[in-house]
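Residues: numbered from 1 along the sequence shown.
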Amino acid sequence: KIAADAVLIAAAPETAAERDRLRTVNAELLELLCGALVYVEDALHNPALDRKESSAISAEAKRIRAAIAKAEGGKS
């Protein structure tokens, strides 16, 4: 038990660094998702879209919103 604890304690700085790296990556991806959502939702206002295209774009907007919620720690 003591040896296992020592290994965990020794790895703590690397674990913290990886956590921080993943937080940074998550923040960057979240920013990109939010930008993509604006673009996709703007596309829905295109009067030239037919029902199939509008439905497909709506589905993508829903998927992006779910990914944003997940990235923010909420429900997907």
Side-chain angles (χ1 to χ4, degrees):
K1 166 120 170 109
I2 293 174
D5 289 347
V7 170
L8 290 174
I9 291 169
E14 291 173 7
T15 302
E18 179 64 4
R19 179 205 59 219
D20 294 344
R21 186 189 73 76
L22 290 172
R23 283 183 177 162
T24 300
V25 168
N26 187 64
E28 291 171 3
L29 292 173
L30 182 57
E31 182 179 342
L32 290 170
L33 281 169
C34 289
L37 182 59
V38 168
Y39 179 79
V40 168
E41 287 178 336
D42 283 349
L44 282 172
H45 300 293
N46 182 346
L49 292 178
D50 63 28
R51 280 187 155 211
K52 186 176 181 181
E53 292 169 322
S54 181
S55 179
I57 292 171
S58 291
E60 287 305 309
K62 183 177 180 179
R63 290 180 61 218
I64 293 169
R65 282 191 292 276
I68 289 170
K70 189 173 184 180
E72 289 176 334
K75 46 199 165 303
S76 60

Point to revise | For the student: nearest non-hydrogen atoms of Asn26 and Ala71, plus distance | key: ND2-O, 3.1 Å

Study note, to complete from the structure: Taking every heavy atom of Ala43 against every heavy atom of Ile57, the minimum-distance pair comes out as CB-CD1, 4.2 Å

Point to revise | Rounded distance (nearest 0.5 Å) linking atom CD of Glu18 with atom CZ of Arg23 | key: 12.0 Å

Review point. Measuring from Asp20:CG to Thr15:OG1, what's the distance to the nearest 0.5 Å?
Key: 11.0 Å

Point to revise | Expected output: side-chain Ser55 to main-chain Arg51 donor-acceptor under 3.5 Å | key: no

Revision key, fill the gap. Nearest heavy-atom approach of Leu44 to Ser54 is CD2-O, 3.6 Å

Point to revise | Trace of the side-chain contact (heavy atoms from CB on, under 4.5 Å) decision for Leu37 with Leu33 | key: CA-CA 6 Å; Leu37 182 59; Leu33 281 169; over 6 Å; no

Point to revise | ILVMFWY cluster, Leu49 and Ile64 together (side-chain gap under 4.5 Å) | key: yes

**Study point:** Taking every non-hydrogen atom, the tightest pair across Glu53 and Ala48
**Key:** OE1-O, 4.0 Å

